[in-house]
Amino acid sequence: LQASRVDLSGFPLGTTGWIKASEVEGESKEVGAKVVYQGREMVVSTGVTPDSEDEEDSEDEEDGNLKLVDDGMVGTVVVWMESEPSALTSLTLDWGKVCGRVREALLGVVRTTHTLVALSVGEEGAMP
């Protein structure tokens with residue numbers, strides 16, 4: 001993939017919002033576990049938390065909420081940034097929405113090449 005101007009602001013490169021654990025398929029819902037959500041393989045980034053204070057004592061993983069990251073999409077973007085860093089001259093993304101792996105790859109591009117001359121990193125949807 002060679003492109004000089006790239007807009008990644010609409011891509012799922014960060015953690016999702018809270019999702020009901022019952023909507024996620026997988027043997028485990030622990031942090032780091034691979035699961036399926038809406039037909040896409042994802043990784044649990046924040047483990048199951050109770051829906052409400054009434055459920056704090058519940059140990060059933062299906063009763064709470066969790067957060068996920070689309071590891072496949074993130075991995076593709078990271079590999080692309082690392083493989084052709086000098087080809088990137090303009091990049092748009094929502095810095096607050098991207099996960100740490102994408103941030104690290106972008107910082108690597110900035111450190112190793114001087115070709116990235118336009119960088120737009122809106123703060124929309126800042127991650128916790």
Side-chain angles (χ1 to χ4, degrees):
L1 181 91
Q2 285 192 344
S4 61
R5 297 177 176 268
V6 179
D7 184 347
L8 297 175
S9 57
F11 287 86
L13 299 176
T15 304
T16 64
W18 290 105
I19 297 171
K20 290 218 169 276
S22 59
E23 296 176 15
V24 176
E25 300 171 29
E27 288 184 29
S28 171
K29 304 221 171 105
E30 301 282 324
V31 172
K34 290 190 180 204
V35 296
V36 175
Y37 176 66
Q38 296 182 340
R40 292 190 351 241
E41 187 173 293
M42 302 183 93
V43 175
V44 177
S45 63
T46 303
V48 178
T49 61
D51 272 338
S52 67
E53 291 179 18
D54 297 335
E55 297 177 7
E56 278 190 40
D57 294 331
S58 173
E59 296 197 18
D60 186 359
E61 287 186 331
E62 299 300 316
D63 286 344
N65 297 305
L66 48 76
K67 291 185 178 185
L68 307 172
V69 66
D70 187 337
D71 202 46
M73 178 66 73
V74 168
T76 299
V77 170
V78 167
V79 166
W80 167 71
M81 281 189 194
E82 291 173 347
S83 69
E84 292 286 337
S86 61
L88 189 59
T89 61
S90 175
L91 178 66
T92 301
L93 54 74
D94 294 323
W95 187 255
K97 288 185 177 180
V98 299
C99 68
R101 284 179 57 202
V102 173
R103 290 178 183 201
E104 289 172 21
L106 178 58
L107 292 173
V109 167
V110 171
R111 286 185 195 116
T112 60
T113 178
H114 301 286
T115 59
L116 185 61
V117 294
L119 179 62
S120 176
V121 289
E123 287 295 324
E124 180 183 336
M127 291 171 48

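Quick caveat, the model's predicted, so the values are computed rather than measured.
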Mind checking what makes side chain to side chain contact (heavy atoms under 4.5 Å, CB included) contact with [X], not counting sequence neighbours?
{"X": "D70", "answer": "P12, R40, M42, M73"}
{"X": "A33", "answer": "S28, V44"}
{"X": "T46", "answer": "W18, K67"}

Practice prompt. Would you name the heavy atoms of G64 and V48 that are closest together and state the gap between them?
Written response: CA-CG1, 3.7 Å

Practice prompt. For G47 and V31, work out which heavy atoms get closest and say how close.
Written response: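 So the two residues come closest at N-CG2, 3.5 Å.
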
Fill in: Whether T76 side chain and G72 backbone form a donor-acceptor pair below 3.5 Å
yes

Item to complete: Please tell me if the side chains of T16 and Y37 come closer than 4.5 Å, counting only heavy atoms from C-beta onward.
Response: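 A side-chain contact under 4.5 Å is absent here.
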
Fill in: Any side-chain heavy-atom pair of L106 and L93 under 4.5 Å
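When only atoms from C-beta onward are counted, L93 and L106 do touch, with a gap below 4.5 Å.
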
Discussion item. Could you work out, with salt bridge (charged side-chain N to carboxylate O under 4.0 Å, His left out) as the rule, every residue matching E41, not counting sequence neighbours?
Written reply: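 E41 satisfies salt bridge (charged side-chain N to carboxylate O under 4.0 Å, His left out) with K34 once adjacent residues are dropped.
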
Worksheet entry | Qualifying residues under side chain to side chain donor-acceptor pair (under 3.5 Å), relative to S9, sequence neighbours excluded |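 Residues passing side chain to side chain donor-acceptor pair (under 3.5 Å) with S9: D7.
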
Worksheet item: Does T92 have any side chain to side chain donor-acceptor pair (under 3.5 Å) partners at least two apart in sequence or in another chain, and if so, which?
Response: none

Worksheet entry | Rounded distance [0.5 Å steps], CG in L66 versus NZ in K20 | 10.5 Å

